[in-house]
Each structure stands twice: as structure tokens, then as C-alpha cells.
Amino acid sequence: MSELLVTADGPVLRVVFNRPAQHNALTWAMWDGLYAACERADDDPDIKLLVLSGAGGRAFVAGTDIGQFTSFTDGSDGIAYERKMQRIIDRLEQVRVPTMAVVEGYCVGGGLVVAAACDLRLAVPGAKFGAPIAKTLGNCLSMNTYSLLVHHLGPARTLDMLLRARMYTGTEAQAAGFVAELCEPDDLPARQAEVEERLLSHAPLSMWAAKEAVRRLRVANLPDADDIVSTVFGSDDFHTAVPAFLAKEKVTWKGR
């Protein structure tokens with residue numbers, strides 16, 4: 001069974017993250033498949049909408065598969081990883097057609113970033129949004145990801161989420177302006193279909209202009225952060241936390 005299901009449903013290209021037993025945690029191949037899906041959405045003139053969702057109902061995406069971090073040896077690996085992620089997230093953000101994330105369950109870490117890069121987010125009240133890295137891996141985000149979160153949540157909520165490793169419910173995320181539509185799980189398919197129908201009825205160039213203008217405003221003064229990423233991914237804390245996380249052991253943070 002494919003870990004990433006990409007299908008054209010008329011004018012809608014549907015991407016389903018399909019590792020429900022692992023809460024749809026993303027492998028490198030799934031990240032690459034997401035990039036390819038964005039390319040497909042732009043290359044096919046019949047595609048008018050890109051919709052992302054997670055299989056199983058328990059998660060949208062619960063981050064990048066942690067096992068893949070075991071090969072990291074120093075800060076340069078962190079820089080390479082974040083550059084790879086930024087390339088894919090940038091590609092998603094620049095898809096010419098509207099993009100929508102449909103969120104049930106966990107939307108964490110890399111999943112939060114994927115959802116943030118979409119134009120709209122539809123969620124259930126019990127969805128969980130966050131990036132609790134301060135209590136799990138002790139790593140950091142890219143400058144592009146910090147920018148996305150501040151763009152959507154503001155600096156105060158972003159720091160609240162990251163410093164306290166706080167998970168926002170779908171209800172809280174809607175109140176913060178992150179989630180555009182909130183509905184009960186039983187109503188989700190019907191409401192999703194209504195939102196899709198509305199988007200498909202609107203002027204494509206008007207929607208492209210709006211999303212591209214907002215994107216350019218966000219990235220206009222994006223600073224470099226290789227020094228931050230290298231310091232954190234090269235730390236003893238991170239290299240201790242990865243195997244501890246996989247072994248479900250507690251980490252004693254050293255700050256170095």
C-alpha cells in the first residue's frame with residue numbers, strides 16, 4: 001500500500017498521507033511525493049484545487065518520522081534537512097491553484113508546517129495542532145517555518161505554542177485564525193465538499209493573485225538562520241533526544 005495516495009478526482013487533486021499506524025509520520029519518500037504532487041497540480045491544466053488529508057482519522061500528519069534523524073551527525077545535517085523541507089514547503093505554498101488541508105487528529109511538527117503552507121485549513125474541534133519539540137527532540141524549526149507560524153498565529157501565540165510545547169485544539173486554532181472552517185467529524189465530508197465546490201466556482205487568476213501576494217508579503221524580509229539550525233541540530237541534547245524518543249525514555253536536557 002502506498003504511503004502517499006495521489007489521485008485526480010475531476011478538477012481536484014487529492015493527496016492522502018497514508019501511514020495511519022504511524023499517525024501518518026512523513027518519510028523522505030512521502031516528502032518527495034508531496035513535492036511531485038505539487039508539480040502535478042501545476043502541470044495539469046484540468047486541476048483547479050489541491051486537497052491534503054490524512055488516512056485513518058487519528059492524524060493529518062504527526063511530523064517527520066523520527067527514525068530518519070538517527071543518521072544525523074552534526075549541525076550540517078540539520079541545515080541540509082531544513083533546506084530540503086523549505087524547498088518542499090515553498091513548492092506547496094506556490095502551487096497556482098488553491099490548496100486546502102483537511103485536519104482530523106494530530107497535526108504536529110512537519111504536519112503543522114504542511115498545513116500552514118496551505119491556503120485554507122478545515123478541521124474538527126478535537127484536532128491537535130502543535131510543534132512540541134521543546135519536550136521531545138530538542139531540535140528547532142527553520143526560519144521559514146517560524147515565519148509561517150508568526151504569519152498565521154502572531155509572535156505571542158507562536159511562542160506560547162513552542163515554549164510551552166502546547167497543543168492547540170481545532171477550536172483554539174480557529175479562534176486564533178489558523179483554521180478557516182470547523183465542523184464535527186460526521187459533518188466533515190459534506191462541509192469539505194461545499195468548500196471545494198465554492199473554490200472551484202471562483203476566478204482562478206483572482207485566487208492565484210491573492211495567495212501569491214500574501215506569500216510575497218510574508219517572505220519579503222525573511223532572514224537567514226543557518227547558525228541557529230546548526231547550533232541546535234549539532235547539540236548534544238538533540239543527539240541524545242533522538243534515540244531516547246525512539247526508546248520512549250526521558251531526556252535530561254543539558255543546554256549544550
Side-chain angles (χ1 to χ4, degrees), residues 24-35 38 60-94 106-118 129-168 178 215-246 251-256:
N24 303 321
L26 297 176
T27 62
W28 300 145
M30 291 169 74
W31 276 114
D32 291 339
L34 176 58
Y35 188 97
C38 295
F60 174 70
V61 169
T64 297
D65 191 310
I66 304 305
Q68 298 176 130
F69 291 131
T70 57
S71 63
F72 284 28
T73 58
D74 57 34
S76 64
D77 291 318
I79 292 174
Y81 166 71
E82 291 298 353
R83 285 180 178 169
K84 175 183 174 68
M85 295 305 100
Q86 180 164 345
R87 174 176 175 268
I88 297 167
I89 293 303
D90 284 349
R91 188 66 190 85
L92 175 58
E93 198 176 14
Q94 294 179 61
Y106 291 100
C107 183
V108 178
L112 178 68
V113 183
V114 169
C118 290
F129 297 89
I133 54 177
K135 72 174 184 180
T136 55
L137 296 185
N139 61 324
C140 67
L141 309 176
S142 70
M143 186 61 76
N144 188 59
T145 297
Y146 288 122
S147 173
L148 269 172
L149 295 181
V150 171
H151 172 74
H152 285 299
L153 299 172
R157 286 194 183 95
T158 297
L159 289 172
D160 177 41
M161 176 182 282
L162 297 177
L163 299 188
R164 293 204 286 169
R166 180 179 168 188
M167 302 293 287
Y168 279 39
F178 187 67
R215 185 194 70 81
R216 291 186 191 184
L217 286 168
R218 183 185 72 78
V219 301
N221 295 299
L222 192 66
D224 179 76
D226 282 359
D227 60 321
I228 297 173
V229 173
S230 180
T231 297
V232 177
F233 276 91
S235 68
D236 290 341
D237 275 353
F238 174 69
H239 291 288
T240 300
V242 170
F245 181 92
L246 294 172
V251 178
T252 300
W253 303 109
K254 304 294 186 181
R256 60 178 184 271

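No hydrogens, no waters, no symmetry mates; every other heavy atom, side chains included, goes into these values.
- No donor-acceptor distance shorter than 3.5 angstrom exists from the side chain of Ser230 to the backbone of Asp226, with no hydrogens or angles considered.
- The ring of Tyr81 has its center closer than 6.0 angstrom to the ring center of Trp28.
- Between the side chains of Asn144 and Ser142, not a single donor N or O lies within less than 3.5 Å of an accepting N or O.
- In this structure, the side chain of Thr70 engages the main chain of Gly67 through a donor-acceptor pair within 3.5 Å.
- Between Arg215 and Asp90 there is no salt bridge, since no side-chain nitrogen of the basic residue lies less than 4.0 Å from a carboxylate oxygen of the acidic one.
- Salt bridge present: Asp160 and Arg166 bring a charged side-chain N and a carboxylate O closer than 4.0 Å.
- Using a 3.5 Å distance cut-off with no hydrogens or angles, the side chains of Trp253 and Thr240 do not pair a donor with an acceptor.
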Fill in: Stepwise side chain to side chain contact (heavy atoms under 4.5 Å, CB included) check, Leu149 with Arg157
CA-CA 9 Å; Leu149 295 181; Arg157 286 194 183 95; over 6 Å; no
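- Within a 6.0 Å radius of OH in Tyr106, other residues, nucleotides and ligands contribute 12 heavy atoms or fewer.
- Ring centroids of Phe178 and Phe129 are separated by less than 6.0 Å, placing the two rings close together.
- For the pair Met161 and Leu112, the minimum side-chain heavy-atom distance is below 4.5 Å.
- Between the side chain of Asp237 and the backbone N or O of Gly255, at least one donor-acceptor pair lies under 3.5 Å.
- Salt-bridge formation is detected for the pair Asp32/Lys84: a Lys NZ or Arg NE/NH1/NH2 atom is positioned less than 4.0 Å from an Asp or Glu carboxylate oxygen.
- His151 contributes no side-chain N or O that, together with a main-chain N or O of Leu217, makes up a donor-acceptor pair within less than 3.5 Å.
- Summarising the local packing, CG of Asp224 is surrounded by more than 12 heavy atoms from other residues, nucleotides or ligands at distances under 6.0 Å.
- Remark: side-chain polar atoms of Gln68 are paired, donor with acceptor, to backbone N or O of Leu26 under 3.5 angstrom.
- Side-chain atoms of Ser235 and Arg256 include no donor-acceptor pair closer than 3.5 Å.
- In this structure, Thr145 contributes its side chain and Leu141 its backbone to no donor-acceptor pair below 3.5 Å.
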